[in-house]
> 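Quick one: the structure is below, questions incoming.
Note that the structure is a prediction, hence the values are computed from the model and not measured.
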Amino acid sequence: MNKIRVKKLRSGAILPTYGSEESAGADLYACLDEPLTVAPGQTVWVPTGLAMELPAGYAGLVYARSGMACKRGLAPANKVGVIDSDYRGEITVVLHNHGSETQSLSSGDRIAQLLITPVITPGFELTDDLSRTRRGQGGFGSTGK
């Protein structure tokens with residue numbers, strides 16, 4: 001897979017771009033008719049103006065851009081968005097303002113990063129017994145000292 005087919009749904013849409021030669025995630029850009037204000041604690045849907053054709057066996061994972069999340073408090077509301085290979089609608093990033101200040105977004109702002117990854121989809125089988133391990137049922141923090 002060398003290319004992902006992308007369709008522009010809005011005239012101002014920008015194709016995803018990589019910030020450097022070895023970046024894992026491609027930047028996704030806001031495609032807005034007018035600037036968008038995001039109050040502290042508010043969640044907004046930000047269109048990218050793009051749809052894409054991910055190959056079967058792959059998914060697109062939408063992650064926060066570290067600078068936007070750390071410096072401005074804006075990060076995906078669902079932490080990681082998942083784009084399935086059979087989805088053909090507009091890619092929209094749902095951002096939440098975790099900060100204490102109102103933020104403004106404009107068309108062309110980098111709002112998230114997209115990582116394309118292989119997906120394994122095993123079946124599930126109901127059982128009464130699971131194999132034993134040293135950890136067993138030890139949960140949150142159980143392996144720490």
Side-chain angles (χ1 to χ4, degrees), residues 1-10 13-32 36-145:
M1 170 188 54
N2 290 331
K3 303 275 184 184
I4 300 291
R5 292 168 44 103
V6 180
K7 180 179 179 180
K8 280 190 173 187
L9 304 174
R10 301 168 190 244
I14 301 171
L15 287 176
T17 61
Y18 292 96
S20 72
E21 196 173 297
E22 296 187 28
S23 292
D27 291 328
L28 292 175
Y29 296 84
C31 185
L32 302 167
L36 180 62
T37 300
V38 191
Q42 184 180 12
T43 300
V44 295
W45 293 63
V46 185
T48 65
L50 302 174
M52 60 183 62
E53 185 177 315
L54 296 172
Y58 288 82
L61 302 180
V62 179
Y63 289 97
R65 293 195 73 256
S66 57
M68 180 170 273
C70 295
K71 295 175 184 174
R72 299 181 60 193
L74 295 174
N78 54 343
K79 306 306 179 207
V80 178
V82 177
I83 304 168
D84 298 310
S85 64
D86 60 351
Y87 178 66
R88 296 294 184 269
E90 183 172 12
I91 306 300
T92 302
V93 178
V94 183
L95 289 178
H96 182 78
N97 185 349
H98 296 274
S100 58
E101 296 180 17
T102 298
Q103 298 293 325
S104 181
L105 293 170
S106 298
S107 199
D109 285 352
R110 296 178 296 168
I111 54 170
Q113 57 182 322
L114 174 67
L115 182 70
I116 308 296
T117 187
V119 174
I120 299 170
T121 53
F124 296 93
E125 175 182 314
L126 188 61
T127 184
D128 291 328
D129 297 305
L130 300 176
S131 64
R132 294 184 181 269
T133 66
R134 277 185 76 191
R135 182 176 181 175
Q137 294 182 24
F140 300 96
S142 66
T143 61
K145 296 189 178 188

> Is there a side-chain contact between R72 and L105 in this structure, where contact means two heavy atoms from C-beta onward sitting under 4.5 Å apart?
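Yes - at least one pair of side-chain heavy atoms lies under 4.5 Å apart.
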
> After noting the C-alpha distance and the side-chain angles of L28 and Q113, does the key distance pass the side chain to side chain contact (heavy atoms under 4.5 Å, CB included) rule?
CA-CA 6 Å; L28 292 175; Q113 57 182 322; over 6 Å; no

> Indicate the atoms forming the closest heavy-atom contact of Y18 with A24, along with that distance.
CE2-O, 3.9 Å

> Does any N or O in the side chain of S107 come within less than 3.5 Å of the main-chain N or O of L32, such that one atom is a donor and the other an acceptor?
yes

> Can you check whether P47 reaches L9 side chain to side chain, under 4.5 Å on heavy atoms?
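Heavy-atom side-chain distance check fails, nothing below 4.5 Å.
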
> Look up atom CG in L36 and atom CD in Q42, then write down how far apart they are to the nearest 0.5 Å.
7.0 Å

> Should we count NZ of K8 as having more than 12 external heavy atoms under 6.0 Å?
yes

> Any non-hydrogen side-chain atom of V62 less than 4.5 Å from a side-chain atom of V80?
no

> Please walk me through it: do L130 and Q137 pass side chain to side chain contact (heavy atoms under 4.5 Å, CB included)?
CA-CA 11 Å; L130 300 176; Q137 294 182 24; over 6 Å; no

> Where the side chain of S23 meets the backbone of G25, is there a donor-acceptor pair that is under 3.5 Å apart?
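A pair under 3.5 Å: no.
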
> Please test R10 against E90 for side chain to side chain contact (heavy atoms under 4.5 Å, CB included), starting from the C-alpha separation and ending with a verdict.
CA-CA 10 Å; R10 301 168 190 244; E90 183 172 12; 3.0 Å; yes

> For Y29, give me all partners under side-chain hydrogen bond (donor to acceptor under 3.5 Å, both in side chains), at least two apart in sequence or on another chain.
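Per chain and number, Y29 pairs via side-chain hydrogen bond (donor to acceptor under 3.5 Å, both in side chains) with T17.
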
> What pair of heavy atoms forms the shortest contact from T43 to A77, and how long is it?
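Smallest heavy-atom distance, with atoms named: CG2-CB, 3.8 Å.
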
> For the residue pair I83 and L114, establish whether any side-chain heavy-atom pair is separated by less than 4.5 Å.
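I83 vs L114: side chains touch.
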
> Just verifying a value: how many Å separate D27 CG and T48 OG1, rounded to the nearest 0.5 Å?
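If I round to the nearest 0.5 Å, the distance is 12.5 Å.
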
> So which atom in A13 and which in C31 form the shortest heavy-atom distance, rounded to 0.1 Å?
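That would be N-SG, 3.5 Å.
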
> About how many Å separate OG1 of T92 and CH2 of W45, when rounded to the nearest 0.5 Å?
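Between atom CH2 of W45 and atom OG1 of T92 there are 7.0 Å.
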
> Side-chain contact test, heavy atoms from C-beta onward, threshold under 4.5 Å: evaluate it for P40 versus T102 and give yes or no.
yes

> If I take atom SG from residue C70 and atom CZ from residue R65, how far apart are they, to the nearest 0.5 angstrom?
11.0 Å

> Please answer whether the main-chain N or O of R132 pairs with a side-chain N or O of R135 as donor and acceptor at a distance below 3.5 Å.
no

> So which of H98, H96, Q103 actually passes side-chain contact (heavy atoms from CB on, under 4.5 Å) with L74?
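Single pass found, and it is Q103.
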
> Would you indicate whether the side-chain heavy atoms of L95 and P76 approach each other to under 4.5 Å?
yes

> With no hydrogens and no angle check, is any side-chain donor or acceptor of N97 less than 3.5 Å from a backbone partner on V38?
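Flag set: sc N97 to bb V38 pair under 3.5 Å.
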
> Considering non-hydrogen atoms only, spot the tightest contact between P55 and S85 and give its length.
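Minimum heavy-atom contact is O-CB, 3.3 Å.
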
> What's the shortest heavy-atom distance between I120 and P122, and which atoms?
O-CD, 3.3 Å

